[in-house]
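Presented below is the structure to which this report refers.
Every chain is numbered from 1, with letters handed out A, B, ... down the list of sequences.
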Amino acid sequence: DTAVSQTPKYLVTQMGNDKSIKCEQNLGHDTMYWYKQDSKKFLKIMFSYNNKELIINETVPNRFSPKSPDKAHLNLHINSLELGDSAVYFCASRETADTIYFGEGSWLTVV
Amino acid sequence: AQSVTQPDIHITVSEGASLELRCNYSYGATPYLFWYVQSPGQGLQLLLKYFSGDTLVQGIKGFEAEFKRSQSSFNLRKPSVHWSDAAEYFCAVKGSSNTGKLIFGQGTTLQVKP
């Protein structure tokens with residue numbers, strides 16, 4: 001049973017397309033995140049939701065829109081994809097004791 | 001602002017040798033510190049964490065880390081490295097807000113020679 005699962009794991013798409021990455025956690029946590037890992041492997045937070053409410057929105061283009069239908073799900077929708085959006089996107093969730101658990105990552109390649 | 005520095009971008013050790021990966025943090029209060037490992041093509045796995053108490057913490061896969069407040073460091077160690085330890089290692093500190101977000105270092109790539 002995967003605690004934090006993301007789909008798809010790999011995604012290759014053309015510039016200008018719109019795509020979504022889905023994330024689900026079965027840990028019962030209230031807080032979920034999206035992190036981006038760039039080509040230099042640097043990890044930076046993008047968004048965070050606590051019980052369906054947006055609590056972190058870092059400096060991210062508004063082409064990126066997170067959506068949390070319930071506290072177990074946090075999806076990431078990206079409009080008008082650009083070459084620079086190519087990265088690994090990690091979903092994560094946090095237990096109340098502050099430990100954060102990450103998903104397996106979604107490798108996005110924009111061509 | 002909080003920050004994490006991993007001074008070594010790339011480290012190569014021989015299998016069976018000891019390992020120390022360095023991590024320095026900048027944080028005003030008592031930090032919550034983490035080490036994660038990312039194997040090639042894989043996600044991030046938590047190795048260990050420090051919140052308070054004993055400054056030497058044990059983790060999975062035979063790793064340990066020591067919190068040294070005077071040096072603002074949280075170095076990761078392993079007495080004998082295995083070839084399967086080759087991976088990217090990330091040190092992180094929890095940010096000061098209640099959001100729990102992590103601030104990561106730039107990572108250290110570990111290569112293991114046979």
Given the rule that I, L, V, M, F, W and Y join up when any side-chain heavy atoms are under 4.5 Å apart, are A:Phe90 and A:Tyr49 in one cluster? no

Hydrophobic clusters here meaning ILVMFWY residues chained together by side-chain heavy-atom distances under 4.5 Å, can you tell me if B:Phe74 and B:Ile11 are in one? yes

Tell me which of these, A:Lys41, A:Gln6, A:Lys44, has more heavy-atom pairs under 4.5 Å with chain B than the rest. A:Lys41

Part of B:Leu46 lying under 4.5 Å from any heavy atom of chain A: side chain

Same cluster for B:Phe90 and A:Trp107 if Ile/Leu/Val/Met/Phe/Trp/Tyr side chains link at under 4.5 Å? yes

How many angstroms lie between atom CG of B:Leu102 and atom OH of A:Tyr35, to the nearest 0.5 angstrom? 4.0 Å

Please classify the contact between A:Ile55 and chain B as side chain, backbone, both or neither, with a heavy-atom cut-off of under 4.5 Å. both

Examine A:Tyr89 and A:Leu11 and state if one hydrophobic cluster contains both, with Ile, Leu, Val, Met, Phe, Trp and Tyr joined whenever side-chain heavy atoms are less than 4.5 Å apart. yes

Got a sec: does the NZ of A:Lys52 have more than 12 other heavy atoms crowding it under 6.0 Å? no

Nearest 0.5 Å, what's the OG1-OH distance between A:Thr99 and B:Tyr32? 10.0 Å

Within the structure provided, determine whether A:Leu43 and B:Tyr36 are in side-chain contact (heavy-atom separation under 4.5 Å). no

Whatever's closer than 4.5 Å to a heavy atom in chain A on B:Gln42 counts as both

Checking B:Gln45 against chain A: side chain, backbone, both or neither under 4.5 Å from a heavy atom? neither

Is there a side-chain contact between B:Phe104 and A:Gln37 in this structure, where contact means two heavy atoms from C-beta onward sitting under 4.5 Å apart? no

Assess whether atom CD1 of B:Ile9 is packed by more than 12 heavy atoms of other residues, nucleotides or ligands within 6.0 Å. no

Just checking B:Glu20: does its CD atom have more than 12 heavy atoms from other residues, nucleotides or ligands closer to it than 6.0 angstrom? yes

Between B:Lys49 and chain A, with a heavy-atom cut-off of 4.5 Å, which part of the residue counts as in contact: side chain, backbone, both or neither? side chain

A:Ile100 and B:Phe34: same hydrophobic cluster, using ILVMFWY side-chain contacts below 4.5 Å? yes

Non-hydrogen atoms of chain B under 4.5 Å away: do they reach the side chain of A:Ile56, the backbone, both or neither? side chain

